[in-house]
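Remarks on the structure that follows.
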Amino acid sequence: MKSLREKARRYCWIPHIPPDEYDPIVIARADGCNYWDMDGKEYIDAVSGIAVVNYGHNNRRIIEAVKEQLDQVTFSYPSQATTETTLKLLEKLMSLLPDSLGEGKVMLLNSGSEANDFALRAARLHHVAKGDKGKYRFIGRWISYHGATSCLSCTGHPLRRWPFEPQLLNFPMVEPPYCYRCPWKKEYPECDMECALAVEKCIKRSDPDTIAGFICEVIGGMSGGFLVPPREYYPMVKEVCEKYNVLFVDDEVINGLGRTGKMWAFQHYDFVPDIVTTAKGLGGGVVPISAMIASSKVIEPIYETNTRFDLYVTYGSNPVACSAALAGIEVLLQDNLVEKAASLGEYMLRKLKALEPDHKIIGDIRGKGLSIGVELVKDKSTKGMFKDQETPGKEVQQRAWEKGVRILGTKGPGGGLMSDFLALFPPLIISHRQIDKIVMVIDEALTEVERTL
Ligand code: PMP
């Protein structure tokens, strides 16, 4: 195992980790919520890879479907051919979407970044088709990540942006609906929903005739700070978007397909976005695949005016990836995993919240369903953040790994926006007993780290 780790250090370029700190677990075998390293050490995977293996590692039903597809056809060039599997997936995916989204069109891609890039393109094309050619900019939100490709321009994550700032497009950013550290120092519900009003201010100040869309994770995942905005926020933001002819793009790369305890995170709110993207869980950790769904409202002017763009990706709609996604959705529906994510998520959140009084570095615990974050603070009363060189999240992560639970502990997005945090995204098939173990290990790891501070 040591020599394999040395090889990993020698060859892999993981851009955000210095080579001498790169110390990956070398996985030999995986099953359900567990995996084993080369030395036979067992781990509970409390982050589903990274919010990907939602149906468990090596889900047999997905593997069997993929094997069957491998024996039939492994590639079809999307502009000239398709497969029955691909069409079944498209039909199934659309049947899960309400209203004008379900009546729209899907584009299948390979990653979350690509799905978001094409969401921005769909929005841009919609405006071009309607003759609003000046609309090309997108409003993003601080504390966000939408991908490593051109959608980095609407990503509010200073640590991920900094070397590339000169290459990014001039897209405006708004403050997030972050009640624990309200940017306006107000308290819900007496806050007049400043965070929602900020979106209108931003559109007005940025020249509405240039704004094509607003992009956010409706419920934040890891890079979205696990933010769960108040119920009024999205209906207010959507109304503003409609007023200024701005399309609402909902990035459900992490939180789509049941993770938050509803099929789509936006269903926790009384509104429907214009475009939705989803990725990680879609391929079940078996084959990469993502989807961008544009509602009929977005698509109709494009089709009516026959406005086209000559861009797609070679492996988009790959039949093997489609077979994994189709089988995954069947598992999700047959095993009632959306409902399970809701009740297991409540259970896990409750158990984690019970730890809060005993730990001086737990600032806030938030999330929805099985998408949960624990924000770590230096000082509870002032909500003081850790310095750049302090890494309590990473230290808690390390100790949890040693105890056989894989969590993710990391710094916030930088720029003084948020403190360090722990991320939890267990597979939707996790058991109560496994949740108990995860929470117990986090409790122990926090206690050990706190002793060193
Ligand atoms: N959007 C969100 C909310 C994400 O969390 C991520 C990845 N962490 C992406 C987009 C990009 O997805 P991918 O890494 O598959 O390109």
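Model, not experiment: these values are computed from the prediction. In each ligand, atom 1 is the first atom listed, and ligand 1 is the first ligand listed. Hydrogens, waters and symmetry mates play no part in the numbers below; they use all other heavy atoms, side chains included.
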_Qualifying residues under side chain to side chain contact (heavy atoms under 4.5 Å, CB included), relative to A8, sequence neighbours excluded_ = C12, Y22, P24

*Say whether E217 and Y145, considering side chains only, have a donor N or O and an acceptor N or O under 3.5 Å apart.*
no

_Closer than 4.0 Å to some heavy atom of S113 - which atoms of ligand 1 meet that?_
11 (C), 12 (O), 13 (P), 16 (O)

*Counting each atom of ligand 1 from 1 as listed, which ones have a heavy atom of V253 under 4.0 Å away?*
1 (N), 2 (C), 4 (C), 6 (C), 9 (C), 10 (C), 12 (O)

*Hey, which atoms in ligand 1 end up nearer than 4.0 Å to a heavy atom of S111?*
15 (O), 16 (O)

*Is R121 close enough and on-axis enough to F118, meaning under 6.0 Å and within 45°, for cation-pi?*
yes

*Nearest protein heavy-atom contact for atom 1 (N) of ligand 1: which residue, which atom, what distance?*
D251 OD2, 2.7 Å

*Ring centres of Y315 and F75 under 6.0 Å apart?*
yes

*asked:* I want to know if ligand 1 touches G147 in the polar sense, i.e. an N/O pair below 3.5 angstrom.
replied: no

*Could you tell me whether N116 approaches ligand 1 through its side chain, its backbone, both or neither, with non-hydrogen atoms closer than 4.0 Å?*
side chain

*Do you know which two heavy atoms are closest between S100 and S295, and how far apart they sit?*
OG-CB, 2.9 Å

*Listed partners of A198 passing side chain to side chain contact (heavy atoms under 4.5 Å, CB included), at least two apart*: W184

*For M222 and ligand 1, answer yes if some heavy atom of the residue is under 4.0 Å from a ligand atom, otherwise no.*
no

*Any idea which atoms of ligand 1 are less than 4.0 Å away from a heavy-atom of I254?*
5 (O)

*What atoms in ligand 1 come closer than 4.0 Å to a heavy atom of E217?*
3 (C)

*Dump the intermediate steps for side chain to side chain contact (heavy atoms under 4.5 Å, CB included) on I25 and W401, then the final yes or no.*
CA-CA 9 Å; I25 298 170; W401 286 21; 3.7 Å; yes

*Please check if the distance between the ring centroids of Y233 and Y269 is under 6.0 Å.*
no

*So which protein heavy atom does atom 12 (O) of ligand 1 come closest to, and at what separation?*
G112 CA, 3.3 Å

*Would you please determine whether K280 falls within less than 4.0 Å of ligand 1 on a heavy-atom basis?*
yes

